[in-house]
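One structure below.
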Amino acid sequence: MSLIDDFSAYMNRMMGPYYSPLDTGAEAWTPTADVTENDEEYHVDIDLPGVEKEDVNVSLEGQELTVSGECKKFEHIEGSARRSTRRTGPFEFALRLPHAVDASGTTAELSSGVLCMTVPKAASKGQRKIEVK
């Protein structure tokens, strides 16, 4: 799974000027994230500095986790920009989790510019070890 995530991140960096994950133009971007897991749940932390919680959409369908929204540009000073390196505009982070999850137990909290999500793993039904004879 890590190799797939690394490859996706690499392609997003390489194809950023030519490919938009939201198909909304060159302004779309993918935020940085950490995904960890233990026996009971996944933890997903996504960096969203300057994004308000009202501008974030989180959906979980099956094993597909999608976080999208918009980082709005601050328009507090008049004049021309001398330097601008902050990311603004629409964003999307998408991840297929490798294990069935419990969507009803999922939590998400945006604090200090980081969206922290906990996604519980679902109990596997009918899984058993098969003895090879």
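From a predicted model like this one, the values you see are computed outputs, not experimental measurements. Residues take their numbers from the sequence shown, with the count starting at 1.
Nearest heavy-atom pair, Val101 versus Gly62, reported as atom, atom and distance to 0.1 Å: CG2-O, 3.4 Å. Across every non-hydrogen atom of Glu70 and Val51, the tightest pair is O-CG1, 3.9 Å. Across Gly89 and Trp29, no two heavy atoms sit closer than the pair O-NE1, 3.4 Å. The two residues Leu115 and Leu110 come nearest to each other via the heavy atoms N-CD1, 3.6 Å. Contact record, Ser104 with Asp102: OG-OD1, 2.7 Å, taken as the closest heavy-atom pair.
Hydrophobic clustering (ILVMFWY, side-chain heavy atoms < 4.5 Å, transitive): Leu60 and Val35 are in one cluster. With hydrophobic clusters built from ILVMFWY side chains whose heavy atoms lie under 4.5 angstrom apart, Ile46 shares a cluster with Val58.
In this structure the side chain of Asp34 never reaches within 4.5 angstrom of the side chain of Val44, judged on heavy atoms.
A donor-acceptor contact shorter than 3.5 Å links the side chain of Tyr42 to the backbone of His99.
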Handout entry: side-chain contact (heavy atoms from CB on, under 4.5 Å) assessment of Glu64 paired with Leu95
Key = CA-CA 6 Å; Glu64 300 288 334; Leu95 173 69; over 6 Å; no

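In this structure, the separation between CZ on Phe93 and OG1 on Thr32 is 9.5 Å, given to the nearest 0.5 Å. Here CG of Leu48 is found 10.0 Å from SG of Cys116. Values are rounded to the nearest 0.5 Å. Atom CE of residue Met117 and atom CG of residue Asp45 lie 8.0 Å apart, to the nearest 0.5 angstrom.
No more than 12 heavy atoms of other residues, nucleotides or ligands lie within 6.0 Å of CD in Glu61, so this atom counts as exposed by the packing criterion.
Under 4.0 Å is where a charged nitrogen must lie from a carboxylate oxygen, and between Glu41 and Lys121 no such pair does. A salt bridge links Lys72 to Asp55: one of the charged nitrogens lies within less than 4.0 Å of a carboxylate oxygen.
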